[in-house]
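To find a chain, count down the sequence lines: A is the first, B the second, and so on, and within it residues start at 1.
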There are 2 protein chains.
Amino acid sequence: MTTSTSTISNHQVRLANRPHGLPGPEVWQFSDEPVAEPGAGQILVRISHISLDPAMRGWMDDVRSYIRPVALGEVMRAPAVGLVLASHHPGFVEGAWVTGLFGVQEYALSDGRGVRVVDPELAPLPRYLGALGITGLTAYFGMLDIGRPAPGETVVVSGAAGAVGSIAGQIARLLGARTVGIAGGAEKCRWLSEDLGFDEVIDYKLDNLRPQLRRAAPDGIDVYFDNVGGPMLDSALARLSVGARIVLCGAISQYNSTDGVTGPANYLSLLANRASMTGLIVFDYESRYDEATKRLLAWLNDGSLTAREHVSRGDLCQFPQLLLDLFAGANIGKLVLELG
Amino acid sequence: MTTSTSTISNHQVRLANRPHGLPGPEVWQFSDEPVAEPGAGQILVRISHISLDPAMRGWMDDVRSYIRPVALGEVMRAPAVGLVLASHHPGFVEGAWVTGLFGVQEYALSDGRGVRVVDPELAPLPRYLGALGITGLTAYFGMLDIGRPAPGETVVVSGAAGAVGSIAGQIARLLGARTVGIAGGAEKCRWLSEDLGFDEVIDYKLDNLRPQLRRAAPDGIDVYFDNVGGPMLDSALARLSVGARIVLCGAISQYNSTDGVTGPANYLSLLANRASMTGLIVFDYESRYDEATKRLLAWLNDGSLTAREHVSRGDLCQFPQLLLDLFAGANIGKLVLELG
């Protein structure tokens, strides 16, 4: 399929301005450019699915972090799945499905770095951005390497109905832990308890968190897998058991704050309880992605693990609003934009 | 020396009210009671030296923590050194020097639990409350078990001229790390660099901390041993290197706050740098006190480790003011009240 690509137009979403608070329409810019021919060692990918991740908000700020910020004018960074249209790279054949950081656009050129081949026969394509993608891997390594719950220990997951949290909680259950999920709203909570098998579910929108946490974790929290930060983190800190581990995975409540991050006032609970709080960046585990993906896939296949994707079909123009939906907590499971 | 003790008066400092902020004279009550005869399995100790520790402030609050609060009306809890006047306990002979949590009083009855015999020939008695006591052990286990600096790594210690910090920094140096001490005032800083061998010293009273930290730790902080908390912790968080370890040992800047603890707003640096913050309570390591004390004593004897005690001679009435002096940072090294 090495037809000339120069007449095809590639629509793109670029970062035009740095956001202050929630990323409104003013931060985005839509562009078109002809699709380029792949050079030596390159592949051309037609993107079918684009991931929406809370971490994207951090990539939009001009601060030193674990990954360089998206530059102004640059195509927005995003994990995506797509079809190899043309390949001058020995590792990828035309017609293969692949996933990588292809960006918020319809076509991507790639040198293959960080790109993995995926199999649509083994799992639906959006799942390679969720349970079998960066988010599932984040849950996997966060729970197994940092949380390390022992059987019978109490594991509390914030953002439990989100892409990472829903997998993290289920992995804790598979390890024999007692799992408590925190989410907002009856539908999410019902999903967590009925479909995912969480032992206890807390609807933080329903009532104050502290008494609910006291009831759900009467013997204290042994592992807190945090995707939320803010007052929720403080409530969890107040209930840590001795030797507890906090997996610091995200802080969605803080990413769009316009007056700075609020630090956890109860952090000295780490001292009183000889507990730890440890940050996790999934990219550090790249050498173990295959091992983890195989195990996640096996769990999915034998029904131990339930994955859910919230797929929104449309075109690239939807991306800005979907990102706002993500921060509003509108999705259950992994939020994905399917281009169609 | 089993003379009748009932005619001797034991002066005591008791907690009369819970402090709000700094513990003023209104929180204390002085009492006298006859010294009791030790019962079966007990020893009677005449106290010679009383320790002053920042952690005492926490023991005065009525909150669940790693140790029960001092009750209202109870003799204030304090590590101390004293002489065994009478013993009905097989583990202690009359005339032996011992250390334990004897409290702020002149005489203590003890069942021997948590009491260790000390040798005034090996080290001056106040040192058993400092480098060879709880504070030295805290530095030892915090640096060796949690900080674990590799040779060449940069270790930053806050409260570096204090009892714990001064030992922690030197242990890091003995492990081959590059050591940076933060302290307030020229005298403390001179002591750190000239006598203790810190590679870099930061006087936080002299200039803004962040540019000073940037200069002293240009490649980032690998281990931050925190005794201070507050804005200093935030400055350190902002300079963590990838994989950094924060040893959460104390937060003297926060203990007397009247409007709650300020959480570290930069805590998400733990995430970006895959770093950890871990609390330390020395009492967990009791089974290894002997091993650690032997090693600390060897370092002291061969000159690798320098210990300093700030000994104030007087009577028990001085205790309340000395505790305020401790929070004002008036001491260099271990602050001890010597009764005489």
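Note: B:Leu323 CG to B:Leu22 CG = 9.0 Å, rounded to the nearest 0.5 Å. The distance from the CG atom of A:Leu280 to the CD1 atom of A:Ile146 is 4.5 Å, given to the nearest 0.5 Å. For the atom pair CD1 (B:Ile67) and CG (B:Leu101), the distance works out to 6.0 Å, reported to the nearest 0.5 Å. Here CG of B:Leu132 is found 8.5 Å from CD1 of B:Ile167. Values are rounded to the nearest 0.5 Å.
Scanning all heavy atoms of the two residues, the minimum distance from B:Val155 to B:Ala177 falls at CG2-CB, 3.6 Å. What you find for B:Ala292 and B:Phe141 is that their closest heavy atoms are CB-CZ, 3.6 Å. Taking both residues in full, the closest heavy atoms of A:Ala216 and A:Ile202 are given as CB-CD1, 3.8 Å, listed atom of the first, atom of the second, then distance.
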Output all donor-acceptor pairs under 3.5 Å across chain A and chain B; consider backbone as well as side chains.
unit_1   : atom_1 : unit_2   : atom_2 : d
A:Arg274 : NE     : B:Asp284 : OD1    : 3.1
A:Arg274 : NE     : B:Asp284 : OD2    : 2.7
A:Arg274 : NH2    : B:Asp284 : OD1    : 2.8
A:Ala275 : O      : B:Gly279 : N      : 2.9
A:Met277 : N      : B:Met277 : O      : 2.9
A:Met277 : O      : B:Met277 : N      : 2.9
A:Gly279 : N      : B:Ala275 : O      : 2.9
A:Asp284 : OD1    : B:Arg274 : NE     : 3.1
A:Asp284 : OD1    : B:Arg274 : NH2    : 2.8
A:Asp284 : OD2    : B:Arg274 : NE     : 2.7

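For chain A, the option among B:Gly250, B:Cys249, B:Gly229 with the highest count of heavy-atom pairs below 4.5 Å is B:Cys249. In terms of non-hydrogen atom pairs under 4.5 Å with chain A, the most contact-rich of B:Pro264, B:Ala251, B:Ala275 is B:Pro264.
Proximity to chain B (any heavy atom under 4.5 Å) is restricted, for A:Ala238, to the backbone atoms N, CA, C and O. Heavy atoms of A:Leu237 lying under 4.5 Å from chain B are absent altogether.
When side chains are defined from C-beta on, A:Val180 does not count as touching A:Ile221, because their heavy atoms never get closer than 4.5 Å.
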